[in-house]
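Chain A is the first sequence line, chain B the second, and so forth, proteins listed ahead of strands; every chain is numbered from 1.
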2 protein chains.
Amino acid sequence: MQNSFTEENYLKIIHALSGREGVEVSTNALAESTSTRAASVTDMLRKLADKGLIHYKKYQGVTLTESGEKVAIKVIRKHRLWEVFLVEKLGFGWDEVHDIAEELEHIPSEVLVEKLDTYLGHPKFDPHGDPIPDAKGNLTEPDYLILTDVHVGEKVLMMGVLDHAPSFLQHLDRSGITLGAVIEVKEINEYDKSASVQINGGPTLFISLEVSKNLLVQRR
Amino acid sequence: MQNSFTEENYLKIIHALSGREGVEVSTNALAESTSTRAASVTDMLRKLADKGLIHYKKYQGVTLTESGEKVAIKVIRKHRLWEVFLVEKLGFGWDEVHDIAEELEHIPSEVLVEKLDTYLGHPKFDPHGDPIPDAKGNLTEPDYLILTDVHVGEKVLMMGVLDHAPSFLQHLDRSGITLGAVIEVKEINEYDKSASVQINGGPTLFISLEVSKNLLVQRR
DNA sequence: ATATATTTTTAGGTTAGTCTAAATTTTTTA
DNA sequence: TAAAAAATTTAGACTAACCTAAAAATATAT
Ligand SMILES: [Mn+2]
Ligand SMILES: [Mn+2]
Ligand SMILES: [Mn+2]
Ligand SMILES: [Mn+2]
């Protein structure tokens, strides 16, 4: 039996909220993320449990089964590959592709995904720095730092974002903070944790804690 | 209000069955094409009529309104552009792309379609020789001949197919009959209208009336 | 011009996914 | 540890898109 568009979205969201440790996800958290009501979530959870895609005990929250995890990762693979296509081939900005990929990720053909992957040169990361699962379903989250964990004087590489909102990505564009940029932390203000950073050895700019909290970086 | 996946399919099918002259399409014909029952079609027709997308008088068949026509042509544009993408960029065969395009044609973003079109170099025809509507919604069906209308001794260019079934397209592949091939009619058998044709000045082969009826060609 | 056959519509129901309101369970607080 | 608050589930209902069976309209044949 094929999974519906809606079921795939639930699985993907459970995967995201469950995190690497596979913690239980609450009904309310799912209602929030799916923009539905808790009662609707409960209905869907019963269905996903019946299909063997989630572990569900009433009032106890849910986690993905192995089979649910597999489906979720396939959807994530498609989402991220399509985002690469949209940016690399069609020339979209990284702030424009999420909603379109949200639709494309549900196109069912396996062979399509594999041909797309080949066409794109088997990319390992999407335009936001998120890792792309391989064809076998292996997804390894690199362990990046958040910029707030970086000390004054350190130079790090910009590797990804936590917030994917267009407004945030556009803000980064205007600041010249792109994937791969070298960020040197020049100063951190004790008062509000805002920071002064130098980008690619060029201009120095101030960024708020809000921005720092959403930047994934790596020591070199 | 956005049109649903299902509504778009109805409009596209009404467009196809209605033809260039815009003849009325019957409930049964739509039931056949949509693989649903006549009663379901009636339900949908009432809905499409309420939305102003079709002209509908009970028992009298339907035609598209201008606004319905516009929607149908947009869907056709997307379908055919995606087919070009799948064949030209991803390396699918022309016999493999229809079902995938059937899904991709419902992805909503306007800007996506236009960027895709640009990326593909504004193609005028899809892999089956069908014309691609332009961004303004102009769709001009070239008036090709059917191979059955070609006389012995004439040389014509293969321009398209009427049957889009994978089995038919694969049969053409095996026969070396591709878009743009030169077909010279060497002989027509009176008994069953099967024909002997020469492809690109090379091999001569026999084709049945069934095949001839589905080949669109052009005099040079 | 009837009678018969065909087509189409209506009537009444189903399923997926959603909702609000009420009941129940779990968690937190006093 | 009992009361209050919060989270979750249940009950009952809605819409979109489908279905079968029956009724009504149109087309065809005698
Ligand atoms: Mn995304
Ligand atoms: Mn992404
Ligand atoms: Mn097609
Ligand atoms: Mn085509």
Side-chain angles (χ1 to χ4, degrees), chain A residues 1-15 17-19 23-64 68 71-72 75 102-103 105-108, chain B residues 1-15 17-19 23-64 68 71-72 75 102-103 105-108:
Chain A
M1 226 119 304
Q2 266 281 111
N3 302 301
S4 73
F5 191 107
T6 308
E7 288 167 344
E8 288 189 347
N9 279 334
Y10 269 84
L11 295 173
K12 197 182 55 156
I13 291 169
I14 293 168
H15 177 94
L17 297 180
S18 199
V23 302
E24 262 100 47
V25 178
S26 75
T27 299
N28 265 357
L30 285 169
E32 169 79 30
S33 288
T34 55
S35 302
T36 62
R37 301 311 185 123
S40 310
V41 172
T42 300
D43 285 347
M44 180 57 76
L45 294 184
R46 217 173 43 66
K47 192 173 22 149
L48 293 173
D50 288 348
K51 288 180 114 182
L53 296 165
I54 59 173
H55 299 292
Y56 174 50
K57 279 207 200 81
K58 278 204 269 185
Y59 296 98
Q60 303 308 301
V62 296
T63 55
L64 294 176
V71 175
V75 176
E102 218 40 54
E103 309 274 337
E105 72 189 3
H106 303 292
I107 303 287
Chain B
M1 224 121 300
Q2 267 280 106
N3 303 301
S4 74
F5 191 106
T6 308
E7 288 167 343
E8 288 189 346
N9 278 334
Y10 269 84
L11 294 174
K12 197 181 55 156
I13 291 169
I14 293 168
H15 177 92
L17 297 180
S18 199
V23 301
E24 262 99 47
V25 177
S26 76
T27 298
N28 265 356
L30 285 169
E32 168 79 30
S33 288
T34 55
S35 302
T36 63
R37 299 313 183 122
S40 310
V41 172
T42 300
D43 285 348
M44 181 57 77
L45 294 184
R46 218 173 44 67
K47 193 175 20 151
L48 293 173
D50 287 349
K51 288 180 112 181
L53 296 165
I54 59 173
H55 298 291
Y56 174 49
K57 279 206 201 83
K58 277 205 270 187
Y59 295 101
Q60 304 306 303
V62 296
T63 55
L64 295 176
V71 175
V75 176
E102 223 32 61
E103 310 274 337
E105 73 188 4
H106 303 290
I107 303 288

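Partners of Glu102(B) under the salt bridge (Lys or Arg N to Asp or Glu O under 4.0 Å) rule, at least two apart in sequence or in another chain, are Lys12(B). Phe5(B) is linked by a ring-ring contact (aromatic ring centres under 6.0 Å, His included) to His106(B), counting only residues two or more places apart in sequence or in another chain. Contacts of Arg37(A) classified as salt bridge (Lys or Arg N to Asp or Glu O under 4.0 Å), with partners at least two apart in sequence or in another chain: none. Residues passing the side-chain hydrogen bond (donor to acceptor under 3.5 Å, both in side chains) test with Ser26(B): none are found, sequence neighbours excluded.
Nearest nucleotide to the Arg37(A) side chain, out of dT18(C), dC19(C), dT7(C): dC19(C). Listed nucleotides: dA21(C), dT8(C), dT10(C). Nearest to the side chain of Ala39(B): dT10(C). In this structure, of dC18(D), dA7(D), dT9(D), it is dT9(D) that holds the atom nearest to the side chain of Thr42(A).
For the pair Phe5(A) CZ and dT18(C) C1', the computed distance is 15 Å after rounding to whole Å. Distance Asn3(A) CG to dA16(C) P: 13 Å, rounded to the nearest Å. Whole-Å rounding puts the Leu30(B) CG to dT8(C) C1' distance at 12 Å. For the pair Arg46(B) CZ and dT8(C) P, the interatomic distance rounds to 17 Å; values are reported in whole Å. Between Met44(B) atom CE and dT8(C) atom P the separation is 17 Å, expressed in whole Å. The interatomic distance linking Glu7(A) (CD) with dT18(C) (P) rounds to 10 Å, in whole Å. Residue Gln2(A) contributes atom CD, which lies 15 Å from atom P of dA16(C) at whole-angstrom precision. We find that CG of Leu45(B) is positioned 16 Å from P of dT7(C), with the value rounded to whole Å.
Taking the nucleotide of DNA chain C with the nearest heavy atom to each of Thr6(A) and Gly61(B), the more 5' of the two is matched to Gly61(B).
OP1 or OP2 of dT9(C) lies within a sub-4.0 Å distance of a side-chain N or O belonging to Thr27(B). The phosphate of dT6(C) (OP1 or OP2) has no side-chain N or O of Asn28(B) nearer than 4.0 angstrom. Contact annotation: Thr36(B) side-chain N/O to dC18(D) OP1/OP2 distance is not under 4.0 Å. Distances shorter than 4.0 Å separate none of the side-chain N or O atoms of Tyr10(A) from OP1 or OP2 on dA16(C).
Looking at every heavy atom in both residues, Ala38(A) comes nearest to Asn28(A) through CB-OD1, 3.8 Å. Residue Ala72(A) comes nearest to Leu64(A) through the heavy atom pair CB-CD1, 4.1 Å, listed as atom of the first residue, atom of the second, then distance.
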> Do Val62(A) and Leu30(A) pass the side-chain contact (heavy atoms from CB on, under 4.5 Å) test, and can you show the C-alpha distance, the side-chain angles, and the key distance before you say yes or no?
Replying inline: CA-CA 10 Å; Val62(A) 296; Leu30(A) 285 169; 4.1 Å; yes
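Looking at Thr34(B) and Val41(B), their side chains come closer than 4.5 Å, going by heavy atoms from C-beta outward. Proximity of Asn3(B) to Lys51(B): side-chain heavy atoms (C-beta onward) are separated by under 4.5 Å at one or more points.
Judged purely by atom type and a 3.5 angstrom limit, Gln60(A) has no side-chain atom pairing as donor or acceptor with the backbone of Lys57(A).
Looking at heavy-atom distances under 4.0 Å, Tyr56(B) makes contact with sugar-phosphate atoms alone, never a base.
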Polar atoms only, N or O, under 3.5 Å: list the protein pairs with nucleotides 24-28 of chain D and their distances.
| unit_1 | atom_1 | unit_2 | atom_2 | d |
| --- | --- | --- | --- | --- |
| dA25(D) | O4' | Tyr59(B) | OH | 3.3 |

Taking only N/O atoms, report every protein-nucleotides 12-14 of chain C pair under 3.5 Å with atom names and distance.
none

